[in-house]
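Encoded as structure tokens, the structure appears first; notes follow it.
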Amino acid sequence: FGLPGLPIARIGPVALTSPIHFAALGFLSAVLVAACAGRVYYSRFGCALRALRDDETAAVALGKDSSFHHLLCHVTGATWCGIAGGLYAAYARYVDPGSFGIDQSLSLLVLTVFGGIGNLKGPLVGAAAFVGLNEALRLAHLSTFYAANIRAIAFGIAIILLMRFRPQGLFGSYRYD
């Protein structure tokens with residue numbers, strides 16, 4: 001079930017075979033996507049999205065096409081997810097729907113909420129905290145069972161504290177009322 005045995009990824013004559021190659025490609029891709037997200041955020045399109053988020057009725061009254069902007073927002077998000085999925089498939093050389101269960105989906109949601117919604121820094125900080133905690137637990141040489149439980153407890157406590165004291169996340173600029 002799934003697609004096993006995907007070919008080795010190549011960029012021109014260079015075969016991506018080591019984790020260092022994928023780390024560099026992942027970092028470069030993250031920088032490019034963040035730069036594109038910055039351009040979108042500060043563009044007229046981004047301004048329209050923020051207006052629709054804050055008060056859709058007022059934005060529509062000012063002439064913003066709600067359905068068009070929602071469609072472009074989903075297309076943009078799907079494009080970035082496709083880039084991430086392509087990088088994952090090239091790295092793992094195996095794609096299976098079981099790789100992305102509810103645990104993975106909740107982890108991505110948690111890191112976004114942890115960092116904050118409404119600006120570019122929040123999700124980046126959330127992702128860095130998530131990766132940092134995972135790597136710290138890996139370097140502590142704990143068994144997988146203990147590391148998974150400690151990670152779940154740490155993020156659970158962090159989310160509870162954030163929802164109590166800073167509901168918009170660490171760097172969030174949008175507050176839900």
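Checking side-chain atoms of R166 against main-chain N and O of L170 turns up a donor-acceptor pair under 3.5 Å. A donor-acceptor pair under 3.5 Å is absent between the side-chain atoms of R53 and the main chain of A48, judged by distance alone. At distances below 3.5 Å, at least one donor-acceptor pair connects side-chain atoms of R93 with backbone N or O atoms of L6.
R10 has its side chain out of reach of V14: every pair of non-hydrogen atoms, C-beta onward, lies at least 4.5 Å apart. Counting only heavy atoms from C-beta outward, the side chains of L162 and P167 never approach each other to under 4.5 Å.
Closest approach of G26 and L87 over heavy atoms only: CA-CD1, 4.5 Å. What you find for F114 and A158 is that their closest heavy atoms are CE1-CB, 3.6 Å. Considering every non-hydrogen atom in both A9 and A90, the closest pair reads CB-CB, 3.7 Å.
Atom CD1 of I20 has 12 or fewer heavy atoms from other residues, nucleotides or ligands within 6.0 Å. When the shell of 6.0 Å around CZ of R39 is examined, it contains 12 or fewer heavy atoms from other residues, nucleotides or ligands. Within a 6.0 Å radius of OH in Y91, no more than 12 heavy atoms belonging to other residues, nucleotides or ligands are found.
Both V113 and L108 belong to a single network of hydrophobic side chains, linked directly or stepwise wherever heavy atoms of I, L, V, M, F, W or Y lie under 4.5 Å apart. Note on F68 and V40: same hydrophobic cluster, where clusters join Ile, Leu, Val, Met, Phe, Trp and Tyr whose side-chain heavy atoms are under 4.5 Å apart, directly or indirectly. Under a hydrophobic clustering in which Ile, Leu, Val, Met, Phe, Trp and Tyr are joined whenever their side-chain heavy atoms come within less than 4.5 Å, directly or via other members, L25 and Y94 fall into different clusters. Y42 and L49 fall into different hydrophobic clusters, defined by Ile, Leu, Val, Met, Phe, Trp and Tyr side-chain heavy atoms under 4.5 Å apart, directly or through other members. Both L133 and Y146 are members of a single hydrophobic cluster when ILVMFWY side chains are connected at heavy-atom separations under 4.5 Å.
The side-chain hydrogen bond (donor to acceptor under 3.5 Å, both in side chains) contacts involving residues 58-79 comprise E56-S66, D65-S67, S66-H70, where partners must be two or more places apart or lie in separate chains.
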Would you tabulate the side-chain donor-acceptor contacts of residues 116-124 under 3.5 Å, counting partners in other chains and residues two or more places apart, or write 'none'?
from : atom 1 : to   : atom 2 : distance (Å)
N119 : OD1    : K121 : N      : 3.3
N119 : OD1    : G122 : N      : 2.9
N119 : ND2    : F171 : O      : 2.3

